[in-house]
Number of protein chains: 2
Amino acid sequence: MTAVGTRDLIVEKADALFYEGGFEATSFADIAAAVGISRGNFYHHFKTKDAILDAVISRRQQRTSEMLDNWQAKGAAPRDRILSFIRLLIANRIKIMAFGCPVGTLCSELAKLDHAAQHRAAEILGLFRSWLTGQFQALGIIRQAEAHAMHLLVWSQGVAVIAATFRDEAFIRREVAGIEEWLDELLVAPAVEN
Amino acid sequence: MTAVGTRDLIVEKADALFYEGGFEATSFADIAAAVGISRGNFYHHFKTKDAILDAVISRRQQRTSEMLDNWQAKGAAPRDRILSFIRLLIANRIKIMAFGCPVGTLCSELAKLDHAAQHRAAEILGLFRSWLTGQFQALGIIRQAEAHAMHLLVWSQGVAVIAATFRDEAFIRREVAGIEEWLDELLVAPAVEN
DNA sequence: ACCAGATTAGGACAAATGTCCTACATGGTC
DNA sequence: GACCATGTAGGACATTTGTCCTAATCTGGT
């Protein structure tokens, strides 16, 4: 009926609530209140809480893919594409300082819960991993491409955890500058290293 | 009565359960079952769940302090002390691959819950931060000591998150080798950088 | 032998949880 | 106007949650 279906609205609100409060701590009632529908009505759209989580993960996978495709389509140099990834930390710094990385914290929580969906959540980080690997390969860095991609994931996830712990914006900017410096040093390194 | 008091046993078991399952997802019943006492008996030792969390955090603070003091007392070179910190990732790799870093994941969860104890949990990471800063200073690296300490925290937290997500032990070893390399490059850098 | 305090088991309690059912409203199709 | 699929509200349901009470048991000191 509505321009955006109720189902999509549920997934959108659930995504935000899972991010800001955690999956386990978010109840059906919380989501229903955020969407503005009755608790019972939920059952029509999602049979279980896990089904909502599944939809939330699918939505994140799709959005991530779209974002990466957009960066890819812009025709920018691979270096600039990698910088787009790094600067997500700056662009989302307010929420990161409050709740950490939406993907990293979800993966951590689902790992602890030993939840069936943990591998699907990990795939989101896998999308970044593959895409970053591709960027390094496009730069002629073949042998170490995957390791560099993993290192960027490590660095950004670490910044997110520490940023949420100490709530220090200057720290984020310092680390991001450090990542960019690291990247530029990589790109002028002799080809034999790659 | 027992060699180790019931209260201590509760804190110990709660600590493990919070780590392996998360604070929110762990119930009184879970802890009682792990300790082997009745649910009601809990109230005698801890009035609320938050009180248990408080005791767990205190215990972790104390254990962390003891560990850092031990490393300090061993008379090793600051470089070796820093290596002890880094190699925690190797020593605890099995649990880290399953549940992440006990401190980092706790801080992340409490941040999301906006829990009153989140700052006390952050103090545990603060202990590492101060201690690492002291090691760099002992190495004559003054101006950048704090930044280097923060960077080590970032790196190790990032490794923990990614290790728990992808469950890859070889990756952990590769990153730890990278951290050690980074450290050694730091220590041969011209003093003007410090 | 006795007692006071500490410790324990068992369960009560209201509130919240995820799940599920039924009845009503709405809007489009024959 | 009759019909049907879809969406919605309200609430039932058993279970679990954190919290709290009471009564029994244990222990160490006198």
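Below, chain A is the first sequence line, B the second, and so on; all start at residue 1. The model shown is predicted, which means the values in this text are computed figures rather than measured ones.
With no hydrogens or angles considered, a side-chain donor-acceptor pair links B:Asp30 and B:Ser27 at under 3.5 Å.
Aromatic pair A:His151/B:Trp155: centroids less than 6.0 angstrom apart. The aromatic ring centroids of B:Phe128 and B:Phe85 lie less than 6.0 Å from each other.
Residue A:Thr6 has no polar side-chain atom (N or O) positioned under 4.0 Å from OP1 or OP2 of D:dG7.
For the pair A:Arg79 and A:Phe136, the cation-pi criterion (under 6.0 Å, within 45° of the ring axis) is not fulfilled. A cation-pi geometry, defined here as NZ or CZ lying under 6.0 Å from the six-membered ring centre and within 45° of its normal, does not hold between B:Lys47 and B:Phe42.
DNA chain D is contacted by A:Ile37, A:Ser38, A:Arg39, A:Gly40, A:Asn41, A:His44, A:His45 of residues 37-53 of chain A, taking any non-hydrogen atom closer than 4.0 Å.
Nearer the 5' end of DNA chain C, as judged by each residue's closest nucleotide, is the contact made by B:Gly36, out of A:Ala29 and B:Gly36.
Of all heavy-atom pairs between A:Ile96 and A:Ala163, the closest is CG2-CB, 4.2 Å.
Atom-to-atom, CZ of A:Phe28 to C1' of D:dG11 comes out at 16 Å; the value is rounded to the nearest Å. One atom, CD1 of A:Ile10, and another, C1' of D:dT8, lie 11 Å apart when rounded to the nearest Å.
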